[in-house]
Colleague: 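The structure that follows is given in the form of structure tokens.
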Number of protein chains: 2
Amino acid sequence: MRELKAEEALFHQGSDASLVYTVISGSLRLGRLLFDGRRQITGFALPGEFLGIAMDELHDVTAEALEPSRIWCFPRLRFDSLVASIPPLKDSLLERARQDLTAAQQQFIVLGRKTAIERVASFLVYLHRRFERTAGTSLSNITLPMGRADIADYLGLTKETVSRVFSQLRNSRIIRLETLTCIQILNQPALEAVAEGE
Amino acid sequence: MRELKAEEALFHQGSDASLVYTVISGSLRLGRLLFDGRRQITGFALPGEFLGIAMDELHDVTAEALEPSRIWCFPRLRFDSLVASIPPLKDSLLERARQDLTAAQQQFIVLGRKTAIERVASFLVYLHRRFERTAGTSLSNITLPMGRADIADYLGLTKETVSRVFSQLRNSRIIRLETLTCIQILNQPALEAVAEGE
DNA sequence: CGGTTTATTGATTCAGTTCAAAGCACGTGG
DNA sequence: CCACGTGCTTTGAACTGAATCAATAAACCG
């Protein structure tokens, strides 16, 4: 078990991947750096999710807490023998990998072909679905655990552009900013339409 | 077994994924369309590679031949029972999924954070490694089976920008265009440096 | 409250797109 | 075997969406 303060790293890109993790509470960002400081966030980890499973030997991303977080740690060797002793577990790993690959395809379109407003709308729709899945109920609000710069680095934009797009979506009455981090979706069909470029 | 003419589709996004495939000869592009015609190529399939394995029920991309190609087809049910009867096969599927996910991370940086010249250089380095792996020998030439528009849609650029960057790399004596589709790498360290933004 | 960090907004710049016009390669048929 | 047509590719000129640079303004926090 590990307690992370906000901004503290759980592991770094290139470090030894001898442990696997589950998020108990809090949230993390996963990302890579280009040597000159450019950063690409490749995903976010929310409670209940596994981390470090896909790697072999070395971690291929850095994981940092977005807020104070509690993480359950598990030796990789023990995890591997657990998987070996319970065959259906391997199927769920495979299933999970498939889902991640399908999600990656979506993100390719976002990063390669969508405009700034389409990216931000896609992101809000995606987070909203993810939070609803976790909560198990329908939600009209989403609380962003990450700042504007993290969203920007996830979407291949700058924090200024993300901020401008939020304002734009607010002015179109598609979302409402309850606080900096709590967003209410006022017009979900419109948000989804924007996300798909319609 | 199926023979495809250039530009012919093997399967379409959203179609029933009741078969899995191996490329015998030729090559294909995998991609998705946004309803307004914007396209993102998510990958290329070369001889010896499997297709349609990751999907459940429906294909999540369209696969089209880049050149006349020969494809071996295999009923999914038969493939699944084969995997079930030979446990190590499941491990290689998992290993393959891991590799694909790591490659996806690379592509996130390319699409989200790299400049046009860095993207094209990354692409050439990547293709070169892949061809060398397949050939089993060191190569100084790469023959591109795809046109400029396909490269552009893979890298999130336009065909014009790809063309301009090729000219730029040619003028810097980093590559030489033997023909439109055959590229000689004159200065591999320089190409790799450009790819990483150095 | 101050002080600090983070977000928003504004002005300007620039990389890459778009639109437009050659230039080339390649196949086909005379 | 060469002329012609067609479909890429390359190059040029102008435009534009997002980045960058630069102030505010708002939230957060001891």
Colleague: Nearest to the side chain of A:Thr161, heavy atoms from C-beta on, is which of D:dT11, D:dA19, C:dG16?
Modeller: D:dA19
Colleague: Among the candidates D:dT10, C:dT8, C:dT9, find the nucleotide nearest to the side-chain atoms of A:Ser167.
Modeller: C:dT9
Colleague: Without swapping roles, check the side chain of B:Arg119 against the backbone of B:Leu155 for a donor-acceptor pair under 3.5 Å.
Modeller: yes
Colleague: Think B:Arg78 forms a cation-pi with B:Phe74, using NZ or CZ under 6.0 Å from the six-ring centre and within 45 degrees of its axis?
Modeller: yes
Colleague: If you measure only the distance, is there a donor-acceptor pair under 3.5 Å linking the side chains of A:Glu67 and A:Ser27?
Modeller: yes
Colleague: Which one, C:dA11, D:dT11, C:dT18, comes nearest to the side chain of A:Arg164?
Modeller: C:dA11
Colleague: By the 4.0 Å heavy-atom rule, please label A:Thr158 as base, sugar-phosphate, or nothing.
Modeller: base
Colleague: With heavy atoms under 4.0 Å as the rule, sort A:Arg119 into base, sugar-phosphate or nothing.
Modeller: nothing
Colleague: C:dA7 phosphate, OP1 or OP2: any side-chain N/O from A:Ser163 under 4.0 angstrom?
Modeller: no
Colleague: Do the side-chain N or O atoms of B:Arg170 get closer than 4.0 angstrom to the phosphate oxygens (OP1, OP2) of D:dT9?
Modeller: no
Colleague: Measure the distance from CG on B:Leu144 to P on D:dT9 and round it to the nearest whole Å.
Modeller: 10 Å
Colleague: Need one value for A:Thr115: base, sugar-phosphate or nothing, where a base atom within 4.0 Å counts as base even if backbone is also close, heavy atoms only.
Modeller: sugar-phosphate
Colleague: 5'-most contact on DNA chain D: A:Ile117 or A:Thr179, nearest heavy atom basis?
Modeller: A:Ile117
Colleague: Can you measure A:Leu169 atom CG to C:dT9 atom P for me and round it to whole angstrom units?
Modeller: 12 Å
Colleague: Which of these nucleotides, C:dT9, D:dT10, C:dT17, is closest to any side-chain atom of B:Leu157?
Modeller: C:dT17
Colleague: How long is the line joining CD of A:Glu160 and C1' of D:dG17, in whole Å?
Modeller: 14 Å
